[in-house]
There are 2 protein chains.
Amino acid sequence: MSPASRNRIARRQTRAPVFAALGDETRLLLVAKLCRGQPSSISELTEGSKLTRQAITKHLRVLERVGIVHSIRAGRESRFKFNPEPIKDIREYLDLVSAQWDEALSRLKAFVEQ
Amino acid sequence: MSPASRNRIARRQTRAPVFAALGDETRLLLVAKLCRGQPSSISELTEGSKLTRQAITKHLRVLERVGIVHSIRAGRESRFKFNPEPIKDIREYLDLVSAQWDEALSRLKAFVEQ
DNA sequence: GTAATATGCAACCTGGAGGTTGCATAGCAT
DNA sequence: ATGCTATGCAACCTCCAGGTTGCATATTAC
């Protein structure tokens, strides 16, 4: 197995938390806002939400823990910024899963046809 | 906005559960096994795990509820089979997120350089 | 200097996720 | 006919995710 491929499979433990972080509508919304490029403060991200500022803060910390966003304190506000790496990683993982399924289908097809 | 694109964004509510279903190591392992093509029974999928058959069953039902797998009863056993659609859907969603981020970077770059 | 703003921290509540055990039941093997 | 095998169902336990409220504190605005 190639080192890269081994890496992709071995890091399954580190990927589950990333999926889990995306497994919540509120957090998907936050990601959707932040991936547009504009770093935002907690108050800004709370605007328009039905949730408390504290609730939003907790969600942001969850995203931060897995690296999907990171925060920088600027004066009295902390600005959150999107970081594409973790999502890139699980995208590749999902590609691998799909590829494996396609291969399996091909093998089955070849077997039936021969 | 194109209908397809609107659809991708509007269906955010239906995607969070799919991410959540993948947000567990045990379930990622099950997906990894099943995407290889071979439909498997609960007992087969339990082999090698430290968990109970019932625990594995619950995980399989979680995956089934979001459509990542589906089961067919065959005699006394029920065989679980991988279904690629939900994963294909969230793959496209992640592609969209990444694309939006890249666009934002490009705009920023263009702005700085002009 | 003082008031308003943006966060952080902590305590607390509730529901559901993830596991287990025990028991019932339907198919298979012999 | 009978015993092993594969599941289903239900009750129960523990822990943590997701929310809230209240209060303290650091910045910024006037």
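Residue numbers start from 1 in every chain, and the chains themselves are labelled A, B, ... in the order their sequence lines are given, proteins ahead of strands.
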By nearest heavy atom, map B/Gln54 and A/Thr26 onto DNA chain D; which one lands nearer the 5' end?
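On the 5' side of the pair lies B/Gln54.
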First of A/Gly23 and A/Arg53 reached from the 5' end of DNA chain D, by closest nucleotide:
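Per heavy-atom nearest nucleotide, the more 5' residue is A/Gly23.
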Could you tell me the separation between the [atom1] atom of [X] and the [atom2] atom of [N], rounded to a whole number of Å?
X: A/Glu25; N: D/dG19; atom1: CD; atom2: P; answer: 10 Å
X: B/Phe80; N: D/dA6; atom1: CZ; atom2: C1'; answer: 12 Å
X: B/Leu60; N: D/dT7; atom1: CG; atom2: C1'; answer: 12 Å
X: B/Glu77; N: D/dT5; atom1: CD; atom2: C1'; answer: 10 Å
X: A/Lys58; N: D/dC16; atom1: NZ; atom2: C1'; answer: 10 Å

Could you go through A/Arg91 and B/Asp95, starting from their C-alpha distance and side-chain angles, then the distance that decides it, and tell me whether this counts as side chain to side chain contact (heavy atoms under 4.5 Å, CB included)?
CA-CA 8 Å; A/Arg91 264 209 303 164; B/Asp95 286 347; 2.7 Å; yes
Who passes side chain to side chain donor-acceptor pair (under 3.5 Å) against A/Glu64, sequence neighbours left out?
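Side chain to side chain donor-acceptor pair (under 3.5 Å) list for A/Glu64, sorted by chain: A/Arg61, A/Ser71.
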List in chain and number order the residues that pass side chain to side chain donor-acceptor pair (under 3.5 Å) with A/Asp102, two or more places apart in sequence or in another chain; answer none if no residue qualifies.
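A/Asp102 satisfies side chain to side chain donor-acceptor pair (under 3.5 Å) with no residue once adjacent residues are dropped.
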Is the shortest heavy-atom distance from the side chain of A/Val69 to the side chain of A/Lys81 under 4.5 Å?
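When only atoms from C-beta onward are counted, A/Lys81 and A/Val69 do not touch, as no gap falls below 4.5 Å.
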Using 4.0 Å as the upper bound for N to carboxylate O, is an ion pair formed by B/Glu44 and B/Arg79?
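A salt bridge links B/Arg79 with B/Glu44.
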Thinking salt bridges, do B/Glu25 and B/Arg27 make one under a 4.0 Å N-O criterion?
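A salt bridge is absent here (no side-chain N lies under 4.0 Å from a carboxylate O).
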Working to the nearest 0.5 angstrom, can you tell me the gap between [X] [atom1] and [Y] [atom2]?
X: A/Ser40; Y: A/Lys33; atom1: OG; atom2: NZ; value: 8.0 Å
X: B/Leu94; Y: B/Asp89; atom1: CG; atom2: CG; value: 10.0 Å
X: A/Leu105; Y: A/Gln100; atom1: CG; atom2: CD; value: 12.0 Å

Determine the contact category for B/Arg79: base if any of its heavy atoms lies under 4.0 Å from a base atom, sugar-phosphate if only primed atoms, P, OP1 or OP2 are that close, otherwise nothing.
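No contact at all - B/Arg79 keeps every heavy atom at 4.0 Å or more from the nucleic acid.
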Heavy atoms under 4.0 Å, any strand shown: does A/Ser78 hit a base, just sugar-phosphate, or nothing?
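Here A/Ser78 touches the backbone only, sparing every base.
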How would you list all residue pairs meeting ring pair (Phe, Tyr, Trp, His ring centres under 6.0 Å) that involve residues 58-86 of chain B, not counting sequence neighbours?
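Every pair satisfying ring pair (Phe, Tyr, Trp, His ring centres under 6.0 Å) with a residue in residues 58-86 of chain B: A/Trp101-B/Phe82.
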Reading DNA chain C from 5' to 3', where do the contacts with chain A start and stop? Cut-off is 4.0 Å to heavy atoms.
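Going 5' to 3' along DNA chain C, contacts run C/dA4 to C/dC9.
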Checking A/Ser49 side chain against A/Leu51 main chain: does a donor-acceptor pair fall under 3.5 Å?
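Looks like yes, one N/O pair under 3.5 Å.
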Can you list, in residue-number order, the parts of residues 62-75 of chain B that come under 4.0 Å of DNA chain C, counting heavy atoms only?
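Nucleic-acid contacts, sorted: B/Gly75.
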What does the inter-axis angle of the helix from C/dG1-D/dC30 to C/dT30-D/dA1 come out as, five pairs per end, nearest 10 degrees?
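Overall, the helix from C/dG1-D/dC30 to C/dT30-D/dA1 bends by 30° from one end axis to the other.
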N/O donor-acceptor pair, side chain B/Arg76 with base D/dT5, under 3.5 angstrom
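Flag set: donor-acceptor pair detected.
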